[in-house]
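Basis for what follows: all heavy atoms, side chains included, without hydrogens, waters or symmetry-related copies.
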Number of protein chains: 2
Amino acid sequence: MNEPTFLILTALAGESQHGYAVIEDVERITGGRVRLRAGTLYAALDRLRGEGLIEVDREEVVQSRLRRYYRLTAAGEQSLATETDRLREQATIAERRLRARRADFGGATA
Amino acid sequence: MNEPTFLILTALAGESQHGYAVIEDVERITGGRVRLRAGTLYAALDRLRGEGLIEVDREEVVQSRLRRYYRLTAAGEQSLATETDRLREQATIAERRLRARRADFGGATA
DNA sequence: AAGCATATACCGACGGTCGGCATATTCAAG
DNA sequence: CTTGAATATGCCGACCGTCGGTATATGCTT
């Protein structure tokens with residue numbers, strides 16, 4: 001799973017949100033690092049809907065603008081949970097190796 | 001940074017390895033989930049070398065087969081460390097939301 | 001002799017993201 | 001009162017990185 005996809009699922013894990021709100025939420029989550037392009041977002045939303053990981057929650061019209069709200073499906077929740085575990089495991093392994101590495105070289109050893 | 005790239009850097013964070021050994025190491029790291037394609041690996045190695053994240057450590061000939069060993073540069077180590085932190089943060093946020101979600105719906109609340 | 005593991009490397013295809021644009025409304029700044 | 005930014009969805013071509021296959025070569029196993 002690519003990062004933008006993961007971030008979109010994470011955004012929707014909170015509560016149902018419409019597309020543009022997802023863009024903002026992802027920006028918040030990543031501390032401003034990732035601002036999804038509209039093209040990326042809506043394409044991913046369509047794809048994820050096709051894969052059954054998200055679904056349309058409801059549609060609203062606010063100030064004559066359409067808002068389509070999406071929510072995570074059970075499959076999407078499961079998928080996000082699995083991916084989260086993977087991320088954690090990989091981070092742990094990388095960290096362990098980086099630490100061992102610094103112990104070897106970086107260490108101002110004696 | 002994409003997952004294969006991250007895994008390659010992680011593999012090289014351990015010790016200098018030649019291409020094929022990286023493929024095997026990544027397979028080990030991911031519990032068999034990811035077996036990098038040769039095309040992916042060597043293309044990524046070239047790219048990472050171009051970006052200055054890895055460099056050629058040495059070359060050996062074992063059983064008349066060339067082995068080109070790569071190692072992480074300081075920039076590569078830094079890059080991997082940063083990416084690892086990101087992964088951790090994102091995993092933490094996703095986990096928090098998933099937990100909150102289960103508390104709301106899953107929870108057999110009373 | 002065939003097949004698998006080792007080892008590097010190229011190639012076309014493909015998927016997903018990027019960046020830009022179109023559309024439409026509301027609000028603030030000039 | 002017009003320009004620009006923010007909100008909101010969506011399409012499109014370009015691009016990057018990976019996939020899958022192939023080529024090349026050697027050595028071991030069956």
(request) Would you kindly give the CD1-to-C1' distance between B:Ile23 and C:dT6, to the nearest whole Å? (result) 10 Å
(request) Could you check which of C:dT25, C:dT6, D:dT18 has an atom nearest any side-chain atom of A:Ser64? (result) C:dT25
(message) I want to confirm an ordering. Mapping B:Tyr69 and A:Val34 to their closest nucleotides on DNA chain C, which one lands closer to the 5' end?
(response) B:Tyr69
(message) Output the rounded distance in Å from CG (A:Leu36) to P (C:dG20).
(response) 16 Å
(request) May I ask you to verify whether the side chain of A:Arg65 and the base of D:dT7 hold a donor-acceptor pair under 3.5 Å? (result) yes
(request) Kindly point out which of D:dT18, C:dT8, C:dC27 is positioned nearest to the side chain of B:Arg47? (result) D:dT18
(request) Take atom NE2 of B:His18 and atom P of C:dA5, then tell me their distance rounded to the nearest Å. (result) 16 Å
(request) Rounded off to whole Å, could you give me the OH-to-P distance for the B:Tyr70 and C:dT8 pair? (result) 7 Å
(message) Quick test of your reading of the model: are A:Arg88 and A:Asp85 salt-bridged, counting only N-O distances below 4.0 Å?
(response) no
(request) Please check if atom CD in B:Glu27 has more than 12 non-hydrogen atoms from other residues, nucleotides or ligands closer than 6.0 Å. (result) yes
(message) With a 4.0 Å cutoff (strictly under), does any side-chain N or O of B:Thr5 reach OP1 or OP2 of D:dC16?
(response) no
(request) Have a look at A:Glu24 and say if it touches a base, only the backbone sugar-phosphate, or nothing, with a 4.0 Å heavy-atom cut-off. (result) sugar-phosphate
(message) Using modelled atom types and a 3.5 Å cut-off, is there a donor and acceptor pairing between side-chain atoms of A:Thr73 and backbone atoms of A:Leu53?
(response) yes
(message) Categorize B:Ala38 for me: base, sugar-phosphate, or nothing, with a 4.0 angstrom heavy-atom threshold over every strand shown.
(response) base
(message) If I take atom OH in residue B:Tyr42 and atom P in nucleotide D:dT22, what distance separates them, rounded to the nearest angstrom?
(response) 18 Å
(message) Any side-chain N or O of A:Arg37 below 4.0 angstrom from OP1/OP2 of C:dG16?
(response) no
(message) Please determine whether residues B:Met1 and B:Ile54 belong to a single hydrophobic cluster, defined as Ile, Leu, Val, Met, Phe, Trp and Tyr linked transitively by side-chain heavy-atom distances below 4.5 Å.
(response) yes
(message) Reading DNA chain C from 5' onward, which residue's closest nucleotide shows up sooner: A:Thr40 or B:Ala43?
(response) B:Ala43
(message) Measure CZ/A:Arg33 against P/C:dT17 and give the value in whole Å, please.
(response) 14 Å
(request) Nearest whole angstrom, please: distance from the C1' of D:dT18 to the CG of B:Asn2. (result) 8 Å
(request) Report the nucleotide, chosen from C:dA7, D:dT7, D:dG27, that has the shortest atom-to-atom distance to any side-chain atom of B:Tyr20. (result) C:dA7
(message) Tell me whether the count of non-hydrogen atoms from other residues, nucleotides or ligands lying under 6.0 Å of CD in B:Glu3 goes above 12.
(response) yes
(request) To the nearest Å, give me how far apart CD (B:Glu60) and P (C:dT8) are. (result) 11 Å
(request) Please figure out whether B:Gly39 or A:Leu66 has its closest DNA chain D nucleotide nearer the 5' end. (result) A:Leu66
